[in-house]
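Heads up: the structure comes next, in C-alpha cells.
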Amino acid sequence: MNLNNELKNGILISAIGKYSNLIIQFILLAILSRLLTPHEFGVVAIVNVFLVFFTMLIDMGIGPAIIQNKTLTDQQVNSIFSFTILLSIILSILFALMAKPIALFYNNTHLFSVSLIMSLALLTSGLNMVPQSILLKQKRFLEVNFAQVFSSVLSGIVGCVLAFNNFSYYALIVSVIVKNTTMFVIIFHKAKLKVTRKIEKKDLKAIYSFSKNQFLFNLINYFSRNLDNILIGKFISTSALAYYDKAYTLSLYPNQILTNVITPVVQPIMSEYEDQKDIIKKTYLSLSKILALLGMPLTVFLVFSSKEIIYILFGLQWGGSIEIFKILAISVWIQMILSSTGAIFQSANRSDLLLISGILSAILNVGSILVGIWTGKIEYLAIILVVSFSINFIQANYLLMIKVFQSQQLEFYKNLLEPFLISIMVFVPLFAIQVFMHNSPLFLVFVLKSLISLIVFIIGMNLTGNMNFIKGILKRGKDEIN
C-alpha cells in the first residue's frame, strides 16, 4: 500500500472513531453543563491542571518514542511497559499526597477529596500509554478507536447518572476513571503485553534519546499551556476559571475534530520516510492547506456565532464564556495548523527542533499569561494569548520550512492565500446578519448563520478550484504528493 493510501485509510478510520468519540463527549458536556454549576466545573478544572502535569511525567515521551523506534523487541517493549506501571503507581501515590497542599494553596477544602479521587484517574491513564502506542505503531487504528468510543459511551452514562443523583463534581471525576479503566481492559488484551519482574536499564536506553527531547518539549509545553488555569483559579476566582476553561476547551474542539484525526496517523506512517524530507514536506504542505481551507472559514463562523454556540450548548448560566470564546476563536485556524507541526517534527526525527520550538513557545505563552493575569481580566488574557499563538505559528513554521526541509517560507504561506479569500467571502454575510438580526431568536440566527456559511464556503471552494483539490485527495488512489 503506498503512502497516500495508507494516510487516507488511516485518517478515515481515525475520523470515524474520533468523530464518534467527540459527539459522545459533546453530548455529555452539554448535559453536565446544565446539571452542574460553573463553580463545580471550576473545582475540577483546578485539579485537572495538576493531573495533566503528573500524566506528562508518566508519559515522559515514551509513547511517541515507541512508535518511532522500529527496532524494539517484544522483550524491550514489555520491560518499558512494566516500568510505566511502576511509575504510574508511584506518581499516583505522590499525587494523592499532594491533595492537602493543593487545597491549602487555593484555600478550598473541596479540593482535598477531589484530588484524592483524581489520583485513581492518573493511575488508570498511565496504564494506557504503552498499549495504545503499540496499537498505533502497528497501525491498528480501528481497534484503538473502537476502544475509545466504547469507553466514552460507558463513562458518559456513568457520569450522567451520577450528576442526576447530585454527586456534584464527583460525576466528572468518576466518569474519567471509568473511561480509562475500560480503555485499558480492551487495549491491553489486544496489545499482547506482559508484565515483567525485572526492568532492564538497557531497554529504557533504547528509547531515551528520542523520549528525552519529547519529554522536555511536553514539560515546557505544559507550563506554557496550563499556567493560565493555575493562576486564574488562584488570583481571580473559581467561577472565572470555569468560564475561561469552558471557552478555551470549546475553542480546541476544531483541533480535536480535524487536526487530532490526522496527527495520530501521520507519525506512525510518515516515520518510515524520515530520511526522505521531500516526501514529508509535500505531505505537510498538503495537510496544512486542507486545515487552512477548513480552519479559516470556520474561525470566521465561530467568532460571529459565539453567543449562539455558548447558550445553545451549555445554557444561560455560561454567559461569562461568550466574550472569551469569541476572542480565542480567532486563533482556531492557527491552532489547527500549529498542532500538526509536532507530528511532522517527529516524523522527520527532529525532536531536537521540536524542543526548541517548545521553548520559544513557552517563553511567549508564559509571558503573555503573566501579563494577562496582572490585568485581572480574563478577556485581556485571551487577547494576549491569541497574539502569542500567532507568533508561535510563525516560529514553528520557520523551523520546519527552513531548518527541517531547507526550503522557503513563502512556499508554505502561499497555501494560506486561497483559504483567506474564502474566509473573506464568509465574513461578509455573517457581518450583515450580526448587524441586522442581533435581536432575533438565538436558534434561528444560529441555523441561518450555519447555512449561509456552508453555502458561501462551498461556492468559494469551487471558485478557487479547491473543491477539486479535496476531491482529488479523497478519490485518487495514486500518491498525491509525488
Side-chain angles (χ1 to χ4, degrees), residues 1-11 14 64-65 67-70 136 139 210 213-214 217 255 258-296 333-358 360-361 390-420 464-466 468-474 476-482:
M1 183 179 291
N2 64 30
L3 173 61
N4 192 58
N5 280 335
E6 279 194 290
L7 281 171
K8 286 197 299 181
N9 291 339
I11 291 172
S14 181
I67 295 174
Q68 190 72 22
N69 194 316
K70 306 303 180 184
L136 289 174
K139 303 170 189 174
F210 187 93
N213 289 329
Q214 183 69 39
F217 168 78
N255 260 340
L258 297 170
T259 312
N260 287 2
V261 169
I262 297 171
T263 51
V265 177
V266 171
Q267 194 207 350
I269 294 174
M270 293 305 299
S271 61
E272 298 178 3
Y273 300 86
E274 66 176 69
D275 295 325
Q276 302 178 54
K277 298 297 190 296
D278 57 328
I279 290 181
I280 299 177
K281 184 186 80 170
K282 290 176 182 178
T283 300
Y284 174 61
L285 291 176
S286 294
L287 290 177
S288 61
K289 183 172 184 178
I290 293 171
L291 293 173
L293 285 169
L294 297 173
M296 284 188 172
W333 72 273
I334 294 174
Q335 296 277 50
M336 286 171 61
I337 298 177
L338 194 57
S339 294
S340 69
T341 58
I344 302 298
F345 279 118
Q346 292 167 344
S347 299
N349 202 18
R350 294 304 305 267
S351 57
D352 56 332
L353 289 179
L354 178 62
L355 175 59
I356 292 174
S357 179
L360 295 174
S361 175
S390 302
I391 298 173
N392 285 328
F393 175 80
I394 295 172
Q395 62 89 0
N397 280 289
Y398 168 82
L399 290 175
L400 271 178
M401 297 303 296
I402 303 296
K403 299 299 183 181
V404 176
F405 302 136
Q406 298 181 351
S407 183
Q408 298 294 318
Q409 284 185 281
L410 185 61
E411 190 175 359
F412 168 78
Y413 288 110
K414 282 181 179 178
N415 275 341
L416 305 183
L417 180 58
E418 289 174 351
F420 177 75
T464 57
N466 283 293
N468 291 330
F469 169 72
I470 298 295
K471 288 179 179 178
I473 290 177
L474 294 176
R476 283 195 297 268
K478 63 183 180 180
D479 194 334
E480 184 70 22
I481 63 175
N482 284 330

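It should be emphasised that the depicted structure is a prediction, and the values quoted were computed from it without experimental measurement.
Leu360 and Asn392 make their closest contact through O-OD1, 3.9 Å (heavy atoms, listed as atom of the first residue, atom of the second, distance). When all heavy atoms of Thr464 and Asn466 are compared, the pair lying nearest together is OG1-ND2, 2.8 Å.
Under the 3.5 Å distance criterion, the side-chain polar atoms of Ser357 are left unmatched by any main-chain donor or acceptor of Leu353.
The side chain to side chain donor-acceptor pair (under 3.5 Å) test applied to Asn397 returns Tyr284, not counting sequence neighbours. In this structure, the side chain to side chain contact (heavy atoms under 4.5 Å, CB included) partners of Ile394, at least two apart in sequence or on a different chain, are Tyr413.
Atom NZ of Lys414 is separated from atom NZ of Lys289 by 11.5 Å, given to the nearest 0.5 angstrom. One finds the OG atom of Ser288 at 9.5 Å from the CG atom of Leu400 (value rounded to the nearest 0.5 Å). Interatomic distance, CG of Leu354 versus OG of Ser361, reported as 10.5 Å (0.5 Å rounding).
For the pair Ile337/Phe412, a side-chain contact is recorded, criterion being any heavy-atom separation below 4.5 Å from C-beta on. The side-chain heavy atoms of Ser340 and Leu291, taken from C-beta on, include a pair separated by under 4.5 Å. Proximity of Leu399 to Phe345: side-chain heavy atoms (C-beta onward) are separated by under 4.5 Å at one or more points. For the pair Trp333 and Leu416, the minimum side-chain heavy-atom distance is below 4.5 Å.
Each of Ile280, Asn415, Ile290 was compared with Leu285 under the side-chain contact (heavy atoms from CB on, under 4.5 Å) criterion, and only Asn415 meets it.
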Can I get a per-line list of side-chain donor-acceptor pairs under 3.5 Å for residues 401-411, giving both atom names and the distance, sequence neighbours left out?
| unit_1 | atom_1 | unit_2 | atom_2 | d |
| --- | --- | --- | --- | --- |
| Ser407 | OG | Glu411 | OE1 | 2.5 |
| Glu411 | OE1 | Lys281 | NZ | 3.4 |
| Glu411 | OE2 | Lys281 | NZ | 3.3 |

